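Worksheet: the structure to be examined is printed underneath.
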Amino acid sequence: MTGRTAEGEVALVDLGPDGSRGAPQVVEPSGLLAAVAHREAHAAELGSAPPRWVWSDAPAWYPGLLASGTRVQRCHDLRLVHTVLRHSQLVQDKVAAEIRAAEQWDVPVHPGTEQQSVGATLFDMDGGSPTRGGVPQRIEAALEEFDRQQRAIDGSKDPARLRLLVAAESAGALIAVELQAAGIPWDVAEHDRILTADLGPRPRPGHTPALMVEVAAQVREALGDPMLSLDSPVKLLRALHRAGIDVRSTSRWELAEHQHPAIQPLLRYKKMARLLTANGWAWMDEWVHEGRYRPVYVPGGVVTGRWASSGGGALQIPRQLRPALRADPGWRLVSADVSQLEPRVLAAMAGDRAMARAGAGTDLYAGIVAAGVVATRQEAKVGVLGALYGGTAGDSGRIVPRLRRTFPDAMRLVDQAAETGERGGTVSTLLGRSSPPPDPAWTSAQLHSHRPEAGTAEQDRARRSARDRGRFTRNFVVQGTAAEWALSWMAALRLALASFDEVPLDQAAHASGPVFSRRAHLAFFLHDEVIVHAPASQADAAARAIRESADAAGRLLFPGSPVDFPLDLVITERSSAK
DNA sequence: ACACGGAGCGCG
DNA sequence: AAAGCGCGCTCCGTGT
């Protein structure tokens, strides 16, 4: 853990090798790095379970350790765990109230994380405590919170599940820091080639790339408006109307339905503008250094438990730029993504035998077609997405009832989650992460709409917002449990990779910067996809580890379930767009 | 000068 | 009308 007391000490709590409670050993500041390194090495030598370090939060402490070459195998992240426990319905009321009362730990996203540079160490923070946005800095406060959390978990309705969640969430905290430190191997020359091919050569600062200028001129010509600003939706919409194109918005899907000489160049311009502003040369200059793109990952950044990211849009890298992801010389990218993770998670959670059978191949949607529910894969996909998201209109509204007959257990699970949400209730993932309670304004609007004097407009609005919330809770249980599966997958994979031998120094992964790793390591994560950067000699072993970890995650979360989690896995030098 | 919401689009 | 979930980022336009 954590920060400085008034006297200026820094301390870390070592939970003990078996993860059980014992007297926590508080590590003194002067020996912090040495103590962590020593305990970790000691456990490795003995082959015993590694210690679990308890700290305020990983981004405050781990980058410094990592920069000094010290890795931590396990931790308990007080801040992340606090967030889980303060909402979890598994926690008994009395302790939950205590947790909720400790508001100083309720810091949703770590402010300052963006500024956390990889090279910063624990000891750089002169002049008092690190400014870690409100997370308590005193060791006593951390020990108290740790004690509360342990009591909340031990006395909960399902300690075993909550412990899994806490371990997975904390492992995610370590992985996020390690991913940032490792960075994504990024080939700026390839990135520049893609930009140049699509936009024209890099323009002088403040100028528009040549191809964009050309295409914009085509649009203005076709619309007969030589001064039109294409970047203002309002002005563009007016110009479209003047040209007789009857659209309600300027969005791509709607434009595509019209025939007019302006449409094709406009769609092309939008695509170009997006690439330039979101991932153009400016992005490259800001985010890629020494051959690595280092985004900030935010574990638990989404209410469902998914990760968010901050800085550079790590989770939104366009597939168009995937070829810029390139392994170091002599290294490989081992990329794997799970086929239809969310529906599989639903099938396993619900114990839906028929849906498990449909997913027995590698393509669950094909399995649904084979089961005779729908005629085409596209229909299967639209139907399943409608089931997960609460679709009622169009094709999905037509197909979902059929899925309800064929997969009654799976559909009952999501339908009940939706119903609970509509009533203002709380739903939980498999491991016990619970949805936030409704906004007080939401609740009061629902109550008011039931008064006899409520108008129909008020009733409609209330019903609509009830259904909105129902769709949220419907999706919450699946998206959140899928996130738990993915964390378990990565946690297992991370430990497996850590046991790989180191390759000789001259083969290490370092791009043009400092050596980061001498063995296969995680380099990217995106909800249901991982990329491992591995020495060529370890690529096959890494691929096996990825598959074995996926199997392990399935067994851990769904023991005895027939549902499997097949991967699409490729070993390449350069990531390719799908 | 800055904050903020909406539009639009990238990802799953 | 992108039908139906969750995000981040950039831009514009408005409000202060």
Side-chain angles (χ1 to χ4, degrees), chain A residues 109 114 229-238 246-257 266-267 269-280 282-283 286-287 295-322 337-343 345-346 378-379 381-400 403 414 417-418 421 427 429 433 435-436 464 467-483 485-486 524-530 577-578:
Chain A
V109 173
E114 306 79 12
S229 160
L230 303 183
D231 300 320
S232 162
V234 176
K235 292 174 186 164
L236 179 57
L237 190 61
R238 274 200 286 267
D246 182 27
V247 284
R248 289 183 63 257
S249 74
T250 67
S251 59
R252 204 177 34 148
W253 64 267
E254 199 178 351
L255 290 169
E257 289 171 359
L266 179 53
L267 292 176
Y269 176 85
K270 281 169 160 280
K271 182 95 186 155
M272 293 167 120
R274 167 77 196 186
L275 179 63
L276 178 69
T277 56
N279 297 100
W283 181 92
E286 184 178 355
W287 290 104
V296 177
Y297 295 90
V298 185
V302 179
V303 278
T304 58
R306 271 189 175 182
W307 286 15
S309 69
S310 136
L315 307 185
Q316 301 122 263
I317 298 170
R319 302 214 77 101
Q320 200 180 358
L321 287 184
R322 278 303 182 96
D337 68 274
V338 194
S339 311
Q340 306 101 30
L341 176 59
E342 291 192 356
V345 160
L346 172 58
Q378 181 58 26
E379 282 181 314
K381 187 173 178 176
V382 166
V384 167
L385 292 181
L388 297 180
Y389 297 159
T392 53
D395 290 344
S396 108
R398 192 166 47 74
I399 298 166
V400 169
L403 295 179
V414 284
V427 297
T429 61
R433 188 190 305 267
S435 61
R464 196 159 47 243
R467 276 195 292 268
D468 287 348
R469 187 157 195 280
R471 286 194 301 276
F472 166 63
T473 52
R474 168 190 294 272
N475 186 248
F476 182 96
V477 294
V478 181
Q479 187 182 116
T481 305
W485 185 94
F524 185 59
F525 169 59
L526 180 52
H527 306 317
D528 65 352
E529 172 185 5
V530 296
K578 277 186 207 139

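Treat the numbers as computed from the prediction; the structure is a model and nothing was measured. Residue numbering restarts at 1 for every chain, and letters A, B, ... go by the order of the sequence lines.
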Checklist entry - Roughly, in whole Å, what's the span from CZ in A:R398 to C1' in C:dA2? => result 16 Å
Nucleotide N/O to protein N/O under 3.5 Å, stretch nucleotides 13-16 of chain C:
from   : atom 1 : to     : atom 2 : distance (Å)
C:dG13 : OP1    : A:S232 : OG     : 2.3

Checklist entry - Who passes side chain to side chain donor-acceptor pair (under 3.5 Å) against A:T277, sequence neighbours left out? => result none
Next on the checklist: I need the CZ-P distance between A:R464 and C:dG4, as an integer number of Å.
Outcome noted: 11 Å
Next on the checklist: Measure CG/A:L255 against C1'/B:dA7 and give the value in whole Å, please.
Outcome noted: 13 Å
Checklist entry - Phosphate oxygens OP1/OP2 of B:dG10: is one of them under 4.0 Å from a side-chain N or O of A:R252? => result yes
Checklist entry - Excluding sequence neighbours, so at least two apart, what forms side chain to side chain donor-acceptor pair (under 3.5 Å) with A:T392? => result none
Item to check | Of the listed nucleotides B:dC9, B:dC11, C:dA1, the one nearest the side chain of A:A393 | outcome: C:dA1
Checklist entry - Among all residues two or more places apart in sequence or in another chain, which pass the salt bridge (Lys or Arg N to Asp or Glu O under 4.0 Å) test with A:R469? => result none
Next on the checklist: Can you tell me how far apart CG (A:D246) and CD (A:E257) are? Round to the nearest 0.5 Å.
Outcome noted: 11.5 Å
Item to check | Value in whole Å for how far the P atom of C:dC12 lies from CG of A:L236 | outcome: 13 Å
Checklist entry - Looking at residues at least two apart in the chain, or sitting in another chain, which of them share a side chain to side chain contact (heavy atoms under 4.5 Å, CB included) with A:A278? => result A:R274
Checklist entry - NE2 of A:H527 versus P of C:dC5: gap in Å, rounded? => result 16 Å
Item to check | DNA chain C: 5'-proximal contact among A:R471 and A:E254 (nearest heavy atom) | outcome: A:E254
Next on the checklist: Counting the atoms with a prime plus P, OP1 and OP2 as sugar-phosphate, which does A:L341 contact under 4.0 Å by heavy atoms, base, sugar-phosphate, or nothing?
Outcome noted: nothing
Checklist entry - Is A:R474 touching bases, backbone alone, or none of the nucleic acid, heavy atoms closer than 4.0 Å? => result nothing
Checklist entry - At their closest point, which heavy atom of A:R433 faces which heavy atom of A:V303, and how far apart are they? => result CD-O, 3.6 Å
Next on the checklist: What contact category does A:L526 fall into here, base, sugar-phosphate, or nothing, at under 4.0 angstrom with non-hydrogen atoms?
Outcome noted: sugar-phosphate
Checklist outcome for this item: For DNA chain C, the dot-bracket notation using Watson-Crick and G-U wobble pairs below 3.5 Å, [ ] for pseudoknot-type crossings and | for other-strand pairs, is ....||||||||||||
Checklist entry - How many Å lie between OH on A:Y389 and P on C:dC5, as a whole number? => result 9 Å
Checklist outcome for this item: ring-ring contact (aromatic ring centres under 6.0 Å, His included) filter on A:F524, not counting sequence neighbours, yields none
Item to check | Residue list, side chain to side chain donor-acceptor pair (under 3.5 Å) with A:Q316, at least two apart or on another chain | outcome: none
Next on the checklist: For A:Y297 and A:L315: C-alpha separation, side-chain torsions, deciding distance, then whether side chain to side chain contact (heavy atoms under 4.5 Å, CB included) applies.
Outcome noted: CA-CA 9 Å; A:Y297 295 90; A:L315 307 185; 4.2 Å; yes
Item to check | Among B:dC9, B:dC11, C:dA3, the nucleotide that comes nearest once only the side chain of A:P318 is considered | outcome: B:dC11
Checklist entry - Within less than 4.0 Å of OP1 or OP2 of B:dC9, is there a side-chain N or O belonging to A:K270? => result yes
Next on the checklist: Considering only residues two or more places apart or on different chains, which pairs with a residue in residues 387-397 of chain A satisfy salt bridge (charged side-chain N to carboxylate O under 4.0 Å, His left out)?
Outcome noted: A:D395-A:R398
Item to check | From B:dG8, B:dG10, C:dG6, nucleotide with atom closest to A:F472 side chain | outcome: C:dG6
Item to check | Span that lies between the P atom of C:dG4 and that of B:dG5, in whole angstrom | outcome: 24 Å
All N/O pairs under 3.5 Å across the protein-nucleotides 7-11 of chain C interface:
from  : atom 1 : to     : atom 2 : distance (Å)
C:dG8 : O4'    : A:Q316 : OE1    : 3.0
C:dG8 : O4'    : A:Q316 : NE2    : 3.2
C:dG8 : N2     : A:R274 : NH2    : 3.4
C:dG8 : N3     : A:Q316 : NE2    : 2.8
C:dC9 : OP1    : A:G311 : N      : 2.4

Item to check | Atom pair distance, as rounded to whole Å: CZ in A:R322 and P in B:dG10 | outcome: 15 Å
Item to check | side chain to side chain donor-acceptor pair (under 3.5 Å) against A:S396, all qualifying residues, sequence neighbours excluded | outcome: none
Item to check | Pairing residues for A:D231 by the salt bridge (Lys or Arg N to Asp or Glu O under 4.0 Å) criterion, not counting sequence neighbours | outcome: none
Checklist entry - Would you call A:L385 and A:K381 a side-chain contact if the rule is heavy atoms closer than 4.5 Å? => result yes
Checklist outcome for this item: Separation of B:dC11 atom P from A:Y297 atom OH, nearest Å, is 16 Å
